[in-house]
Number of protein chains: 2
Amino acid sequence: MLSFTEENYLKSIVQLTIFESTEREVGVNKLASCLDVKPATVSDMVKKLNAKKLVNYKKYGKVSLTKKGRKSGMMVIRRHRLWETFLQIKLNFSWDEVHDLAEELEHIYSEKLINRLDEFLDFPSFDPHGDAIPNADGEIFIPFRKLLSEAKVGDIVKIIAVKDNTKEFLNYVDKIGIVINDKIIIESKDNFNSLTTINIKGKLHVVSPRFTDNIFIVSPKFEKAKD
Amino acid sequence: MLSFTEENYLKSIVQLTIFESTEREVGVNKLASCLDVKPATVSDMVKKLNAKKLVNYKKYGKVSLTKKGRKSGMMVIRRHRLWETFLQIKLNFSWDEVHDLAEELEHIYSEKLINRLDEFLDFPSFDPHGDAIPNADGEIFIPFRKLLSEAKVGDIVKIIAVKDNTKEFLNYVDKIGIVINDKIIIESKDNFNSLTTINIKGKLHVVSPRFTDNIFIVSPKFEKAKD
DNA sequence: TAAAAAAGTTAGTTTAATCTAACTATTTTT
DNA sequence: AAAAATAGTTAGATTAAACTAACTTTTTTA
């Protein structure tokens with residue numbers, strides 16, 4: 001049985017070493033700032049997680065997940081994303097409201113509960129933010145994706161997920177009227193000011209990197225690569 | 001903001017002083033055994049709850065709820081019973097499985113969440129065990145009810161709730177095929193052996209006080225009193 | 001490559017909630 | 001009303017997860 005806190009550590013390590021980086025290990029300081037605690041606290045905790053065979057760690061070394069730790073962390077993320085989906089689809093919460101609630105719901109541990117919830121939601125593959133939901137074995141398919149900022153002028157791309165889940169960001173996304181799976185045309189780029197003009201459903205918007213660095217897309221190349 | 005633990009104390013005090021007794025105060029020892037902790041622990045905690053104006057308490061005195069404490073405790077019970085209803089109605093859990101999960105879900109604090117859940121379930125008045133669900137203001141209507149053991153031979157009574165929520169009890173109730181709102185006829189009583197013969201849907205069952213002391217009923221008298 | 005900066009660790013403290021053991025107050029019984 | 005039983009309190013210890021401050025190791029840079 002893992003504590004609430006241990007689960008949060010594993011979740012953060014999964015995020016830092018699987019979802020947000022190709023590096024499969026992370027330093028104590030980075031982990032501390034992700035969890036919003038001091039490095040000293042992390043030092044102690046990773047020792048404990050190492051003793052429980054959830055992470056690999058040696059003094060002054062980096063932290064990486066064992067198979068067991070990876071699975072536990074993935075299950076926390078599975079629960080989080082399924083609850084987010086429930087809150088949005090069944091209880092009509094908006095997508096900027098679901099994160100904080102899911103942060104609490106994710107720690108309720110019961111395989112049966114989460115699998116029933118999965119079934120109740122019709123086995124969704126993606127949550128409302130477009131992020132993939134790990135399956136009951138803790139496995140996940142991470143689709144090939146790029147940032148909107150990597151798209152070229154003239155590209156027609158599809159929004160598949162948002163990277164920034166803060167309320168401000170999601171509110172802006174709502175305001176300009178985008179939903180997951182919408183098409184965007186890259187009309188032009190102003191490299192001097194780092195601005196991009198995009199066309200969404202016929203309307204033009206001028207956006208900065210604050211936007212383009214936080215939208216995941218699939219580009220035509222990838223769509224082609226599939227057939 | 002109340003801690004998980006403080007909420008459990010308030011919930012137990014509500015149960016002991018509102019649902020399970022007409023006494024509006026409870027002693028430290030009784031509260032301790034209800035919470036499965038030592039009296040010394042309760043002594044400390046009620047001091048803390050008193051300082052927070054959630055209970056009334058003086059050294060060597062009994063514990064009672066303030067208005068604020070009563071409302072907080074009621075809200076925990078509201079959340080518990082709504083989640084139980086959700087698990088049983090929407091996720092198809094059996095009624096002996098829902099309690100432990102609801103015990104965790106009840107501590108997720110968000111008025112919006114719980115009111116949305118209430119709406120999603122169509123504003124139920126009773127949970128699957130037949131217990132009344134407090135409303136959004138923490139108020140509750142406790143119907144007049146008796147124990148099955150108080151019924152007289154010849155009475156035709158209606159089961160409205162179960163008192164004992166342990167798995168063993170609920171399994172037995174399932175086994176003999178009763179559901180909430182079923183009618184029971186009291187066929188005979190054997191006072192020497194403390195046994196009661198009851199008729200449920202045409203079938204006779206001989207039951208001991210272990211059963212009759214844990215089933216809540218409304219008797220014909222009460223039904224009459226209403227018109 | 002030596003000094004400076006960054007990263008990480010250790011030791012000792014804090015807080016909430018629990019415990020045990022010993023003590024005190026209140027209630028019940030004879 | 002005194003003795004016994006029950007109920008309740010206090011003091012001191014424990015555990016998990018955090019902290020600060022001081023220290024050490026590793027990495028970077030000039």
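Note that these values count all heavy atoms, side chains included, but never hydrogens, waters or copies made by symmetry. Convention: sequence-line order gives letters A, B, ...; per-chain numbering from 1. Remember, predicted model here, so these are calculated numbers, not experimental data.
- Nucleotide dC19(D) holds its P atom 11 Å from the CE atom of M45(A), rounded to whole Å.
- No donor-acceptor pair under 3.5 Å is formed between the side chain of S208(A) and the backbone N or O of L195(A).
- With dT10(C), dT10(D), dC19(D) as the candidates, the nucleotide lying closest to the side chain of K47(B) is dT10(D).
- The residue T5(B) sits close only to the backbone: its heavy atoms come under 4.0 Å of sugar-phosphate atoms, none of a base.
- If you measure from atom NZ of K58(A) to atom P of dT25(D), you get 17 Å, rounded to the nearest angstrom.
- Between F86(B) and F86(A), the ring center distance clears the sub-6.0 Å criterion.
- Not one side-chain nitrogen or oxygen of K30(A) sits closer than 4.0 Å to the OP1 or OP2 atom of dA7(C).
- With rounding to whole Å, N29(B) atom CG is found 18 Å from dT24(C) atom P.
- Spacing between atom CZ of F4(A) and atom P of dA16(C) amounts to 17 Å, rounded to whole angstrom units.
- Listed by first and then second residue, the salt bridge (charged side-chain N to carboxylate O under 4.0 Å, His left out) pairs involving residues 78-87 of chain A are E7(A)-R79(A), R78(A)-D118(A), R81(A)-D127(A) (not counting sequence neighbours).
- In this structure, E106(B) pairs ionically with K11(B), as a charged nitrogen and a carboxylate oxygen lie closer than 4.0 Å.
- If you measure from atom CG of L35(B) to atom P of dG8(D), you get 14 Å, rounded to the nearest angstrom.
- One atom, NZ of K62(B), and another, C1' of dA25(C), lie 14 Å apart when rounded to the nearest Å.
- Closest to the side chain of K59(B), out of dG8(C), dT10(D), dT26(C), is dT10(D).
- E6(A) and K52(A) are joined by a salt bridge, as a carboxylate oxygen and a charged side-chain nitrogen come within less than 4.0 angstrom of each other.
- The phosphate of dA18(D) has OP1 or OP2 within less than 4.0 Å of a side-chain N or O from Y9(A).
- Comparing dT10(D), dC19(D), dT10(C) by their closest approach to the side chain of A40(B) singles out dT10(D).
- Here the nucleotide nearest the side chain of S43(B), chosen from dA21(C), dG8(D), dA18(D), is dG8(D).
- Taking atom OH on Y60(A) and atom P on dT24(D), their separation rounds to 9 Å, with Å as the unit.
- With distances taken from any side-chain atom of D44(B) to the nucleotides dT18(C), dT10(C), dG8(D), the minimum falls on dT18(C).
- K38(A) places its NZ atom 16 Å from the C1' atom of dT13(C), with the value rounded to the nearest Å.
- One finds no side-chain N or O of S3(B) lying less than 4.0 angstrom from the OP1 or OP2 phosphate oxygen of dA16(C).
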